[in-house]
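Residue numbers count from 1 along this sequence. Both ligands and their constituent atoms are indexed starting at 1 by order of listing. Side chains are part of it too, since the values below use all heavy atoms of this structure and drop only hydrogens, waters and symmetry mates.
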Amino acid sequence: MNYKDELARTIASFLEGVEADALKDLIEYPPNPEMGDFSMPCFKLSKALRKAPQAIADEIKSKLEGTAPFERVESVSGYLNVFVDKKSFASEVLRSVLSAGDRYGSSSQGEGKTIVIDFSSPNIAKPFHVGHLRSTMIGNALYQIHSFLGYQCVGVNHLGDWGTQFGKLIVAYKNEGNKEAVEEGGILELLRLYVKFHDDAEKNPEMEEEARSWFVKLEQGDAEATELWKWFVDISLKEFNKIYELLGVRFDTYAGESFYNDKMGAPIQEMKDKGLLVEDDGALLVRLEDYNMPPALMIKKDGATLYHTRDVAAAIYRKNTYNFDKCLYVTGAAQSLHFNQWFKIIELMGYDWAKDLVHVPFGQVSLEGAKLSTRKGNVVMLEELLTKSVDRVREIIDEKNPDMPNKEEVARQVGVGAIVFNDLSTNRIKDVVFSWEEALNFEGETGPYVQYTHARACSVLRQVNGTSSIALETSLDRIDPEHLQNAEAQLVLKELYVFGERIQSAMNKLEPSIVSRYLVDLAQAFNRFYHACKIRVEDETVRNARLALVKAVQITLRNGLRLIGLESPEQI
Ligand code: ARG
């Protein structure tokens, strides 16, 4: 049952000319249970109803009070505070969670709609660093969240596998590299060559020209260039896939920039026909000064295409292939101008779906204050970071729970989860400073804390059931909500109740941190309940009621963790 909807509808039926939807937006969850389970400030209604807020609240109170399930209503200084019947609330929430199980919180609102999510998209021949983690995890969370709400999602890894950097790499490889070293060193060796190119080119600027001509050769299908390029791609992909496996992330397609090499002709012709391309010293560009943006270069003097060009071609291809309702691009905020420029170009080409292209920017990641930059070679490799985290968790487990089964698996789930959760726990647009202390703190507002709380719930269920299985045969009509009226239990129930709303707003705002924060709130409420109320009590009805609540929390934590890409081990 949706109490908020019901409340809004009921109040709307008392008031003339006020829509339930508008009321729904006004209804709040008071921070303090003394102020009700729901509260509605009446100030904004004052003008439309030509009455003082207090009088409006008084009037609604007199009509609403006693209408099930709204047991008690108070009118306090222009606020309407509504108290729901605790027993029916408990039954209702438990029934919803336990009957939906791993679908609790889901919906079918997205049915028939397609969302393309372009995320992760690392660059070939450069290491996958902490900066790419954000795109991967935010994108993956948006994928899970949309899927849970019924959308058909297409996860695209728009690999950076094309562009002048390949010309540079070929030049550096021919000058400084050799086959064995690349085979042995993998991406690190490719990175070394790339960095070396930049150092050398500072002294010998003609190297830049050489690199450009190698890229042009590549675009024209030159055999030697193509072979080297393929080799670089294979080496890089092998390493990227190790990371994706560690993170448990998958894509529906890896169609990257090179995929569009033969698909740019038509859009370029189209831009020409529509009078958008202007010649400038042999190059072709789209002027955007009317929109307060610098021009977007589409074709260089030497005929080479650019990042922009490929993005325009890719968007048209995706629209034709998937007929998306929205296409999301998850990248660092530094690329905002790039996206604004070419989104505008799509619009100027006359495509009304330009409005469905959405850039989802995020802030920078720094480690101990140092900014991450691939060019300088000053990178912290993600694999190293993840492995270190897994090692630390393994140490903690060895110390606290040395006999635990599948230690290695759990160390991976929690170690990786710590990093991911840390990344998703603040608003995405904020810069993140990575700290080991914070990420791995089992008591702080962290991934390990939420995962540990989930494992604790599993352990309670296991102990009481006397079996290692956590499946609780809770027959709903055996639960007596009488025993869940205390403040701690009610707080947990309230958290359980808002799960769906939180997922919804995470989707609307494209903000996975709403789910992360929710999980911390739920875990904290549960831990307070756990400390206040003994679960293994003699009285079977009390025990069953509390167990059902534990089970509901376990289900909800697990569903929520999954939405942000974390696993939920049953024992830690
Ligand atoms: N490869 C780019 C980078 O690492 C991100 C690509 C994002 N997607 C896109 N369609 N432009 O910065």
**Q.** contact_flag F119 ligand 1 heavy-atom lt 4.0 Å
**A.** no
Q | Heteroatom proximity flag, E257 to ligand 1, N/O under 3.5 Å | A | no
Q.
Determine whether the aromatic ring centres of residues F215 and W229 are separated by less than 6.0 angstrom.
A. no
Q) Do the two ring centres, one from W231 and one from Y173, sit under 6.0 Å apart? A) yes
Q. Can you find an N or O of T331 that's nearer than 3.5 Å to an N or O of ligand 1?
A. no
Q: Could you check atom 8 (N) of ligand 1 against the protein and tell me its nearest heavy-atom contact, residue, atom and distance included?
A: D118 OD1, 3.0 Å
Q | Expected output: side-chain Q413 to main-chain S568 donor-acceptor under 3.5 Å | A | no
Q | Which of the ligand 1 atoms, numbered from 1, are nearer than 4.0 Å to a heavy atom of H132 | A | 4 (O)
Q) Is the distance between the ring centroids of Y254 and F259 under 6.0 Å? A) no
Q: Assess Q335 for proximity to ligand 1: is some non-hydrogen atom of it under 4.0 Å away?
A: yes
**Q.** Geometric cation-pi criterion, K344 with Y291: 6.0 Å, 45°
**A.** yes
**Q.** Protein contact to atom 4 (O) of ligand 1 [nearest heavy atom, distance to 0.1 Å]
**A.** N123 ND2, 3.1 Å
Q.
Pairs of nitrogen or oxygen atoms closer than 3.5 Å, one from Y307 and one from ligand 1: do any exist?
A. yes
Q.
Heavy-atom distances under 4.0 Å decide this one: backbone, side chain, both or neither, for L159 against ligand 1?
A. neither
Q) Are any of the N or O atoms of Y329 closer than 3.5 Å to those of ligand 1? A) no
**Q.** R562 side chain to D102 backbone, donor-acceptor under 3.5 Å
**A.** yes
Q: Please determine if H338 has a nitrogen or oxygen closer than 3.5 Å to a nitrogen or oxygen of ligand 1.
A: no
Q: Indicate yes or no: does D521 engage R502 in a salt bridge with an N to O separation below 4.0 Å.
A: no
Q. Should the pair K242 and Y244 be classed as cation-pi, given the thresholds of under 6.0 Å to the six-membered ring centre and 45° from the axis?
A. no
